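Report on one structure; see the data block that follows.
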Amino acid sequence: MSRNAKPVRRVAVLGAGSWGTTFAKILADGGSEVTLWARRPELAREITEVKRNSDYLPGINLPKTLRASSSLAEVMDGAEQVYLSIPSQSLRENLLAIEPHLRPGAIVVSLMKGVEKGTGLRMSEVLAQELPIAPELIAVASGPNLALEIAKEQPTAAVVSSVSLETAQAVALAATNRYFRSFVNTDVIGTEFGGVLKNLIAVAIGIVDGVGYGENTKASIITRGLVEMTDFAVAHGAQPETLSGLAGLGDLIATCQSPLSRNNTAGRLLGQGYSFGDVISKMQQTAEGLASVAPVLELARARGVDMPIVAQVSQVLAGTLNPRDIAPHLTTDSDEPQGERNIDDGQAGSGGALRRSLKRAFDQLRHGRRGPSGD
Ligand SMILES: NC(=O)C1=CN([C@@H]2O[C@H](COP(=O)(O)OP(=O)(O)OC[C@H]3O[C@@H](n4cnc5c(N)ncnc54)[C@H](O)[C@@H]3O)[C@@H](O)[C@H]2O)C=CC1
Ligand SMILES: O=C(CO)COP(=O)(O)O
């Protein structure tokens, strides 16, 4: 379908923080009729009447067509697509209130980048458990998507994933406009875990920034971090190429580089010597990585995946590792030289998976086999 032929959809976005509000703008600027759910009536009024969300997106003018309400019933009335952008740890309790208002056949899209503490479930898995809908109606969106940059309409891409390609395409069509392009894939596991795991590496990068280390240390951690991300995700059933796409490497670069990242900011405070408790009280927005460290390490242990950088982040959070000691060379008890695994050798394991995936990506680029709609 051509972009000019886009049907106007009625969509709901739940969560009027920085990402929910920005995604509501993306959808409204893409031609959808959007209503945003804000918990606080005064924020809903500000968005509807003044077209501003001064707490989360200062200085940004929101689309004239965007409306907000603190009533879930009002926001979800007739919504064909429902986007969720609240802290991951609060999803399950919120779904109880959301479910009665869900229109039959509606697509539900997670914009969140966390795993649930206690269960280790991805957000799409929590949706599948709590909502009476088919897996084909669940999608996730992820990518290098720092909210404030997108709210300023800086050109950006993301990937929408669903086990149903048709669902992913319907969401990607709605979530594409002149400054935002959504690609599609069907690797929900890889797309979701990419977003979760890059947060943990961004905390590590923040820590070394806070300590005062430079670019070599950060590049080493980013590169080894991508190996850990790929190892973990592939062990859980992801396609390795997803981790070298927008939802993996793309988001890793954006989040590790930017002071706008809350995960990066939380790490920097830890590196400067603040305790975990101090960091929590200083953070005014959601830093998902802090809550995801423990469940990710539990999942890694269960699958026998080695995640030395994430383990070091966990130790810094617990106060048992001096931030100055976080480094890729501490990832082994032995001084014996090891194979880098990801590019240089052919050892088994998902380091090999990353190597194969990069080779495949290069081959595809060389032979021009990448279509415009695949990530
Ligand atoms: N901000 C960003 O650049 C991006 C954020 N994300 C993801 O989007 C999700 C939401 O993050 P942000 O909007 O950035 O967070 P935020 O901290 O800016 O906003 C969170 C929103 O959730 C609401 N909220 C807080 N506790 C709640 C609860 N118990 N029940 C219902 N609502 C609650 C808050 O009132 C606020 O509206 C996270 O999973 C994050 O990883 C994904 C891509 C980009
Ligand atoms: O997910 C994000 C960018 O893609 C936002 O990162 P932070 O949650 O660290 O701000």
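Computed from a prediction, not measured in an experiment: that's the story for all the values here. Remember, it's 1-based here, ligands and their atoms both numbered in the order they're listed.
Under a 4.0 Å criterion applied to the non-hydrogen atoms of Asn145, ligand 2 contributes the atoms 3 (C), 4 (O). Counting atoms of ligand 1 from 1 in the listed order, those under 4.0 Å from a heavy atom of Asn94 are 28 (C), 30 (N), 31 (C). If you number the atoms of ligand 1 from 1 as listed, the ones under 4.0 Å from a heavy atom of Ala16 come out as 37 (O). Atoms of ligand 1 found under 4.0 Å from any heavy atom of Ser85 (numbered from 1 in listed order, with element): 8 (O), 9 (C), 10 (C), 13 (O). Shown in contact with Leu146 at under 4.0 Å from a heavy atom are these atoms of ligand 1, numbered in order with element: 3 (O). The atoms of ligand 2 that sit less than 4.0 Å from any heavy atom of Asn263 are 7 (P), 8 (O), 9 (O). Heavy-atom contacts of Asp251 reach the following atoms of ligand 2: 3 (C), 4 (O) (cutoff under 4.0 Å). Proximity to Lys113 (heavy-atom distance under 4.0 Å) selects the following atoms of ligand 2: 1 (O), 2 (C), 3 (C), 4 (O). Within ligand 1, counting atoms from 1 as listed, the ones closer than 4.0 Å to a heavy atom of Leu111 are 6 (N), 7 (C), 8 (O), 42 (C). With ligand atoms numbered from 1 in the order given, ligand 1 contributes 29 (N) to contacts under 4.0 Å with heavy atoms of Glu93.
Ligand 2 has a nitrogen or oxygen under 3.5 angstrom from a nitrogen or oxygen of Gly143. Residue Lys113 has at least one nitrogen or oxygen atom sitting less than 3.5 Å from a nitrogen or oxygen atom of ligand 1, judged on distance alone.
Nearest protein neighbour of atom 28 (C) of ligand 1, counting heavy atoms only, is Arg39 NH1, 3.3 Å. Counting only heavy atoms of the protein, atom 37 (O) of ligand 1 lies nearest to Gly17 N, 3.0 Å. At the top of the distance list for atom 18 (O) of ligand 1, counting protein heavy atoms only, stands Ser18 N, 2.9 Å. Closest to atom 29 (N) of ligand 1, if we only count protein heavy atoms, is Ser90 CB, 3.2 Å. Of all protein heavy atoms, the one lying nearest to atom 10 (O) of ligand 2 is Arg262 NE, 2.5 Å. The nearest heavy-atom contact from the protein to atom 22 (O) of ligand 1 is Pro87 CD, 3.3 Å.
At a heavy-atom cutoff of 4.0 Å, ligand 2 is contacted by no atom of Gln285, backbone or side chain. At a 4.0 Å heavy-atom cut-off, ligand 2 touches Thr255 through the side chain alone. In Ala147, the parts holding a heavy atom less than 4.0 Å from any atom of ligand 1 are both the side chain and the backbone. With a 4.0 Å heavy-atom cut-off, ligand 2 is reached by the side chain of Lys198 but not by its N, CA, C or O. Contact annotation: for Gln285 versus ligand 1, heavy atoms closer than 4.0 Å belong to both the backbone and the side chain.
Distances from atom 42 (C) of ligand 1 to the heavy atoms of Trp19, Phe23, Tyr56 put Trp19 nearest. Of the listed options Glu288, Met112, Arg262, Arg262 places a heavy atom closest to atom 11 (O) of ligand 1. Considering only non-hydrogen atoms, atom 44 (C) of ligand 1 lies nearest to Asn145 out of Thr286, Leu43, Asn145, Leu36.
Under the 6.0 Å distance and 45° angle rule, Lys218 does not count as a cation-pi partner of Tyr213.
Side-chain atoms of Glu228 come within 3.5 Å of backbone atoms of Ile309 as a donor-acceptor pair (strictly under, hydrogens ignored). Between the side chain of Lys51 and the backbone N or O of Leu66, at least one donor-acceptor pair lies under 3.5 Å. Between the side chain of Asn177 and the backbone N or O of Ile26, at least one donor-acceptor pair lies under 3.5 Å.
We find that Arg10 and Asp77 are not joined by a salt bridge, their nearest charged nitrogen and carboxylate oxygen being 4.0 Å or further apart. The pair Glu125-Arg122 meets the salt-bridge criterion, since a charged nitrogen lies less than 4.0 angstrom from a carboxylate oxygen. The existence of a salt bridge linking Arg40 and Asp55 is confirmed by a sub-4.0 Å separation between a basic side-chain nitrogen and an acidic carboxylate oxygen. In summary, Glu33 and Arg9 do not engage in a salt bridge, as defined by a charged side-chain N under 4.0 Å from a carboxylate O.
Side-chain polar atoms of Glu74 and Thr35 form no donor-acceptor pair below 3.5 angstrom. Counted by atom type alone, Glu116 and Thr119 present one or more donor-acceptor pairs between their side chains at under 3.5 Å.
Put simply, the residue from Asp187, Thr242, Asn185 that forms a side chain to side chain donor-acceptor pair (under 3.5 Å) with Ser161 is Asn185.
Between Phe180 and Phe23, the ring planes are perpendicular. Angles over 60° get that label, and only those under 30° would be called parallel.
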Which is it for Lys113 and Glu192 under the salt bridge (Lys or Arg N to Asp or Glu O under 4.0 Å) test, yes or no, and what are the steps along the way? CA-CA 7 Å; Lys113 294 179 177 173; Glu192 272 188 307; over 6 Å; no
Check against side-chain contact (heavy atoms from CB on, under 4.5 Å), Leu146 and Ser261: CA-CA 7 Å; Leu146 296 155; Ser261 157; 4.2 Å; yes
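Residues Leu246 and Asp251 form no side-chain contact, since every pair of their non-hydrogen atoms from C-beta on lies 4.5 Å or further apart.
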